[in-house]
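Input: a single structure, listed below in structure tokens.
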Number of protein chains: 2
Amino acid sequence: MITLSDYIEDYLKKLLAVAPGQYVEIQRSELAEKFQCVPSQINYVLSTRFTPERGYLVQSRRGGRGYIKVMRIDPLYQKIWEELQKQLYSAAEKEYGCEMVKLRDFLMRLYEERLISRREAEIIGSVMREDIFNGLKIGSKEKNELIKRLVSNMLKAVLQEGSM
Amino acid sequence: MITLSDYIEDYLKKLLAVAPGQYVEIQRSELAEKFQCVPSQINYVLSTRFTPERGYLVQSRRGGRGYIKVMRIDPLYQKIWEELQKQLYSAAEKEYGCEMVKLRDFLMRLYEERLISRREAEIIGSVMREDIFNGLKIGSKEKNELIKRLVSNMLKAVLQEGSM
DNA sequence: ACTGGTTTGACCTTTACTGACCTTCGTAAT
DNA sequence: ATTACGAAGGTCAGTAAAGGTCAAACCAGT
């Protein structure tokens with residue numbers, strides 16, 4: 001099942017692919033018109049699919065001559081590990097812990113950056129699911145710590161192994 | 001006696017038989033409607049009849065435009081799956097559960113038979129360690145179940161993706 | 001009666017989409 | 001310069017549309 005948001009995401013990615021430079025500039029209302037949706041849906045797509053975790057940055061300007069600029073973030077190979085740790089231990093401190101969704105987004109980015117293969121992404125991703133704890137009596141603090149360790153370990157394993 | 005679940009199972013299998021590709025996509029509520037049952041019965045059928053043991057995998061997405069995808073898996077991979085389950089649930093009953101050593105042996109075999117790459121073996125292996133639980137208050141029964149689920153999920157991920 | 005598979009429904013989580021209302025900023029009129 | 005207007009884009013809460021979970025009730029065969 002493909003949603004409208006998926007189409008819009010696709011469209012933007014295709015634009016990015018052929019764009020000279022690492023960015024594209026669009027008009028929100030124009031795009032909304034093109035896809036026959038309300039303008040705020042564009043924001044929805046941007047905020048759910050073009051996040052930093054997925055390797056994108058969005059800038060915009062309001063008012064007359066306003067625009068939205070979508071950029072790809074550079075690969076930053078060295079920083080990958082740090083970024084992961086930040087992911088794991090930022091929201092983590094708020095007691096509610098690392099959000100699986102964000103983690104998976106980050107994973108997909110590693111895949112898109114070709115640091116890991118599709119299969120590797122799936123393998124690692126299979127651990128980032130709330131439902132692995134279903135029916136098990138485990139405290140949420142423990143759940144969280146476990147996820148962090150597992151993901152860290154797995155990533156460490158690939159990063160140590162070198163190129164795929 | 002033939003139950004409703006049997007009919008639903010049949011129906012899905014027939015769909016799969018004529019489907020181009022090794023999968024079918026359905027809407028849970030639609031199917032429930034067709035068979036005049038509650039939606040959750042579809043989950044029941046899927047979880048009891050379309051398991052990896054029987055050669056199937058199920059993926060899904062929630063929310064608007066959600067769907068359920070039922071896939072066939074390759075017989076070769078199915079064998080592997082069964083072996084893993086045997087590994088996980090044989091010694092498992094002896095309270096101390098799946099021995100990591102045995103699991104690692106199994107992993108190595110997968111690698112030697114070229115079903116997984118070296119990197120994949122490293123990733124999966126990084127989870128098969130007692131020390132991931134160090135200092136965490138988790139019952140040994142839970143630890144055990146968790147390891148099984150994690151390993152199963154990871155292998156499932158490989159099955160889904162097919163040959164490397 | 002017991003047992004195990006089946007069926008159901010109440011409640012939950014996730015995702016997509018919409019619309020009313022708000023903020024920002026260029027620019028044309030004063 | 002100042003102001004007023006209009007043309008962007010932003011926010012957020014609400015609605016709807018999926019699918020997931022779990023435990024209780026319900027049979028059927030022994």
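From a predicted model like this one, the values you see are computed outputs, not experimental measurements. Proteins get letters first, then strands, A, B, ... in listed order; numbering begins at 1 in each.
- In this view, A/Asp10 and A/Lys14 satisfy the side-chain contact (heavy atoms from CB on, under 4.5 Å) rule, not counting sequence neighbours.
- In this structure, B/Ile42 reaches neither bases nor backbone, as no heavy-atom distance under 4.0 Å exists between it and the strands shown.
- Remark: B/Asp105 pairs with no residue by the salt bridge (Lys or Arg N to Asp or Glu O under 4.0 Å) rule, at least two apart or across chains.
- In this structure, the CD1 atom of A/Ile68 is 19 Å from the P atom of C/dT23, given to the nearest Å.
- One atom, CZ of A/Arg28, and another, C1' of C/dT24, lie 12 Å apart when rounded to the nearest Å.
- Partners of B/Ser29 according to the side-chain contact (heavy atoms from CB on, under 4.5 Å) rule, which considers only residues two or more places apart in sequence or in another chain, do not exist here.
- A salt bridge between A/Arg49 and A/Glu9 is present, with a side-chain N of the basic residue lying under 4.0 Å from a carboxylate O of the acidic one.
- The side-chain contact (heavy atoms from CB on, under 4.5 Å) test applied to A/Pro39 returns A/Arg28, A/Ala32, not counting sequence neighbours.
- Sorted pairs that involve residues 101-122 of chain A and meet ring pair (Phe, Tyr, Trp, His ring centres under 6.0 Å), not counting sequence neighbours, are lacking altogether.
- Separating the CD atom of A/Gln59 from the P atom of C/dT24 is a distance of 17 Å, rounded to the nearest angstrom.
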Nucleotide by nucleotide, nucleotides 7-20 of chain C touches protein heavy atoms under 4.0 Å in the pattern (B base, S sugar-phosphate only, - none) BBB---BBBBBBB-
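- A donor-acceptor pair under 3.5 Å links the side-chain atoms of A/Ser117 to the main chain of A/Glu120, judged by distance alone.
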Output a table of nitrogen or oxygen pairs between the protein and nucleotides 28-30 of chain C separated by less than 3.5 Å.
none

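- As a member of the Ile/Leu/Val/Met/Phe/Trp/Tyr network built from side-chain separations under 4.5 Å, B/Val38 groups with nothing else and remains a singleton.
- Residue pairs meeting the ring pair (Phe, Tyr, Trp, His ring centres under 6.0 Å) criterion with at least one partner in residues 15-48 of chain B, sequence neighbours excluded, are B/Tyr11-B/Phe35.
- For B/Lys34, the salt bridge (Lys or Arg N to Asp or Glu O under 4.0 Å) test picks out no residue, with sequence neighbours left out.
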What pairs of nitrogen or oxygen atoms, one from the protein and one from nucleotides 23-30 of chain D, lie under 3.5 Å apart?
none

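- The interatomic distance linking B/Glu33 (CD) with D/dG19 (P) rounds to 13 Å, in whole Å.
- Evaluation of the side-chain contact (heavy atoms from CB on, under 4.5 Å) rule for B/Glu53 yields B/Thr51, B/Trp81, B/Gln85 as partners, not counting sequence neighbours.
- Distance from the side chain of A/Asn43 is smallest for D/dT11 among the nucleotides D/dA18, D/dT21, D/dT11.
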